[in-house]
Undergrad: 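To start, I am sharing the structure in question, which I have written as structure tokens.
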Amino acid sequence: MEFVTAFIESILRLSIPLLFAAYGGLISERSGLANVALEGKLLISAFAGAAVAAATQNPWLGLAAGVGAGAAGGWLFGALALYSRADHIVIGTAFNMLVAGLIPTVTRSWFGVTGSTPQLERSARLPSDIGFFVLAIVIGGLLYWALRETRWGLRLKAAGDEPEALRVQGVSARGVRLWASVLAGAVVAFGGIDLSLCQGSGYIRDMAGGRGFIALAALIFGGWRPVQTGLACLLFAAADAAQMLLQGKSVFDWVIPNSIVQIVPYIATLMVLALRRAGPAASAPRAINRPLYK
Amino acid sequence: MAVVRFEAISQKFGEFFALNDVSASFESAKIHAVLGENGAGKSTLMKVLFGLQKPTAGRIEVEGIDRKWKGPADAIAAGLGMVQQHFTLVPTLSVIDNIMLGAESLSSFGRLDRNAAIIALEKKLPSESLRLDWHKLVSELSVGEQQRVEILKLIARDAKIMVLDEPTAVLTPSEIEELFHILQRLRDSGRTIFVITHKLAEVFSFCDTWLALRAGRVGGTGLIEGTALNQVVRAMVGSDVPPLRERAVRDPGEVFLKVCDVRTDDTYGVNLRGFNIEVRAGEVVGVAGVDGSGQSELVDCILGLRTFSGDVSVGGRPVRLGETREVRDTGVALISEDRHHQSLWLDESVEMNAGLGFETSFANRGWLNVAAWSQTVTGWLASFDVRIPTMQTPVAKLSGGNQQKLIFARELSGRKTPLIICHQPTRGVDLAAIHSIHSELIERRDQGAAVLLISSELDELLALSDRIVAISDGVAAGEFERLSGTMNREAIGRAMTCGATT
């Protein structure tokens, strides 16, 4: 019994960064902005949060800084992708590489270490995961409601499916997408902060470990819909929890090598995506990655 | 009282007059048909009215006020609305969401108030037949219903003057009738409606007045009542006959291209509905029709690019889907309508483009013999008088006329071509190049080639063709022969705009 509660607890905890990243991705992709930059946004917000918390010893200032960095990252990514009219995937990849290169450079000049922030004291970290998990669920619920019932949701979906329909009404689809990208960055940021200020004690190099991409997979598997995407995140978190549980375990006398155990979540992601059946209800926003000229 | 007045409107694109001194006035609460062939200027005139195009000269008066639109937003604010030929609807949203989009009714917290929007809209409905299931997704609607959503968008925004660009092009006959009943209701409720079209049958059944444009000028205008069909046709196509190209007198030979009862079955778009045509060696057969009557589909079927039922044979060999290579090797030169996409690789050099499609003949075990390629295509280009700066110039830099001549050089030199398919061969081409293209076609015909000439320029067809088949809505709507004297401008114009029932 203890084992089961530990397993569930571990799933919930591991799902937090996935949920925030996937919901950020949902906001941006439903507006038509393909977002492979979730990983970079997790990293930049995790880093900004940890750096400010280390400097001020105040985790709440760290939280604010992380969210600010996420939103700024979202603005930068959105502006680059929208105003260059380039392929969003290319811009997203460039953004990830920029972040991966920038953070070690900054840590070196600020903290004299390449790629990480100093260990944070208990008092400079955020108290518990529960608040983050609840917030993620609330955001999922809000999205479910807002996509259906609000003007914001209506215009977001129109920008993602048929931006021309907005244009003829004198609404800038580009503006809708840019603000969606800023909001998406802020939402993803909570996932990054959870990694560095809650689950970890400071920023360490590449601490997102591909969670941005797993979140993207969950978003696709969930058909760009909030509830299904949330469930997909829990599924991938379960794979991760299983992996942690299996580490160091043995089958008969054979100890399973850790390197094999650790690939379980990634294999699960691949398998789930391969099995996903593309139905009309679960198809991508129609105008995703379509460049806009106005 | 005139609700819309144009005074000496001219619209120049470079040296070309899309509209030339057009003056006309339109009464309110009427359905006005704006007629003309492709490129006659009817869409341009409506774009000027709607603020999408700033006229070079002239003035527009709407409801007695002199108007200078900065953009469509000004026109919308003044009570104009336009339904584009290509709908701008979000298929994944419901009918009411599409209607609200951009002018949403809100309650607290930015929530959409769909009920308020529906109630407001239903109050404005002039006819019950406009009613739709407001909560249905647009993607689940038929094309006719989607068009109704576009009209409802205008009604919701209180447009008093509505412009519909070729609204019937995508509709079935029963949908067309329904659309015009709706338009008549809108008219009876005091709205003024402009319909851009070239289908005269509809104009005579449903519209109140007509304005025909020809080559950017007013060809004629009047009330439908008391106007004869022939008068409108003449205003659209003119009555002067272009000089006929001299040609050798010869009896046509064997049938080289045979298209028999060909039908296509495409859910969206135009379909051939039992089309027949034969082209013999040594004759030019023209296909006359307004754009989008099935011409592109016909070419696709002949080349094996599209599924069809019925029989197509080229040089006695039946054409099957996917056997494009085999069809071309039977000896088919293709001058495609879509020069930039189907015939050329715009960023590549003249040299490369001049040999495209003949790689195999320049290759030895997969290695291109570049020297032979270069030498051969230089010869081809020289014999067709293509003017090029260098062989390495990107083909995008050439003029339209030289691009087209390059395509002619390639298509007619690389292989023997007993069949030449020309689709809009002179569109976007300068006068000198048009002359040489026409001469080339007649020369080939005199030498015994079968030429299928598809064009929306009646002048071009009349000058070149031995026979003309009119195409209307996917069927052959009449055949006209030069020798037997049935090749008559008005009759062809009527067949292509009214269909076969004349």
Side-chain angles (χ1 to χ4, degrees), chain A residues 26-27 29-32 138-139 141-177 179-180 183 222-226 228 278-290 292-294, chain B residues 47 50-52 69-78 80-117 135 137-141 146 149-154 156-157 159 163 165:
Chain A
L26 189 141
I27 293 168
E29 297 223 329
R30 284 301 289 262
S31 81
V138 168
I139 287 178
L142 268 175
L143 276 176
Y144 176 85
W145 171 78
L147 282 174
R148 266 153 222 260
E149 297 298 334
T150 68
R151 173 166 73 183
W152 175 79
L154 183 65
R155 292 186 174 182
L156 189 82
K157 289 186 288 184
D161 280 332
E162 198 56 64
E164 191 62 15
L166 276 176
R167 197 175 78 80
V168 298
Q169 298 302 334
V171 181
S172 160
R174 222 188 226 171
V176 172
R177 285 185 179 183
W179 286 113
L183 180 62
W224 289 267
R225 288 167 294 183
Q228 288 86 334
S283 56
R286 293 158 52 98
I288 196 164
N289 209 353
R290 190 193 292 169
L292 300 175
Y293 292 89
K294 267 177 193 143
Chain B
K47 279 183 182 159
F50 194 61
L52 287 164
W69 310 128
K70 286 203 187 68
D74 286 356
I76 292 169
L80 274 88
M82 188 158 177
V83 176
Q84 305 281 348
Q85 199 176 352
H86 302 284
F87 303 151
T88 47
L89 298 172
V90 188
T92 47
L93 297 180
S94 69
V95 171
I96 190 66
D97 283 2
N98 266 286
I99 293 171
M100 290 169 87
L101 185 64
E104 298 85 352
S105 316
L106 298 181
S107 56
S108 48
F109 304 112
R111 253 167 45 226
L112 296 174
D113 197 339
R114 294 192 174 91
N115 286 331
H135 297 289
L137 289 183
V138 162
S139 59
E140 291 167 7
L141 300 180
Q146 292 187 8
V149 179
E150 288 282 16
I151 295 172
L152 286 163
K153 273 160 73 173
L154 302 189
R157 283 162 185 71
V163 180
D165 190 359

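Chain A is the first sequence line, chain B the second, and so forth, proteins listed ahead of strands; every chain is numbered from 1.
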Undergrad: Around A:W179, counting heavy atoms of other residues, nucleotides and ligands shown, do more than 12 lie under 6.0 Å from its CH2?
TA: no

Undergrad: For chain B, which residues from residues 147-154 of chain A have at least one heavy atom closer than 4.5 Å to it?
TA: A:R148, A:E149, A:T150, A:R151, A:L154

Undergrad: Contact between B:M82 and B:I76 at the side-chain level, heavy atoms closer than 4.5 Å - yes or no?
TA: no

Undergrad: Say you draw a straight line from NZ of B:K153 to CZ of B:F87; how long is it, rounded to the nearest 0.5 Å?
TA: 10.0 Å

Undergrad: Going by the rule salt bridge (charged side-chain N to carboxylate O under 4.0 Å, His left out), which residues pair with A:K157 if we only count those two or more places apart in sequence or in a different chain?
TA: none

Undergrad: As an exercise: rank B:V90, B:L112, B:L89, B:L106 by heavy-atom pairs under 4.5 Å with chain A and give me the winner.
TA: B:L112

Undergrad: Check whether A:V168 gets within reach of chain B through its side chain, its backbone, both or neither, counting any heavy atom under 4.5 Å.
TA: both

Undergrad: For B:D97, is there an ion pair with B:R114 - N to carboxylate O distance below 4.0 angstrom?
TA: yes

Undergrad: Side-chain contact test, heavy atoms from C-beta onward, threshold under 4.5 Å: evaluate it for B:L141 versus B:V149 and give yes or no.
TA: yes

Undergrad: Give me the one residue out of B:N98, B:T92, B:I99 that meets side chain to side chain contact (heavy atoms under 4.5 Å, CB included) with B:V138.
TA: B:N98

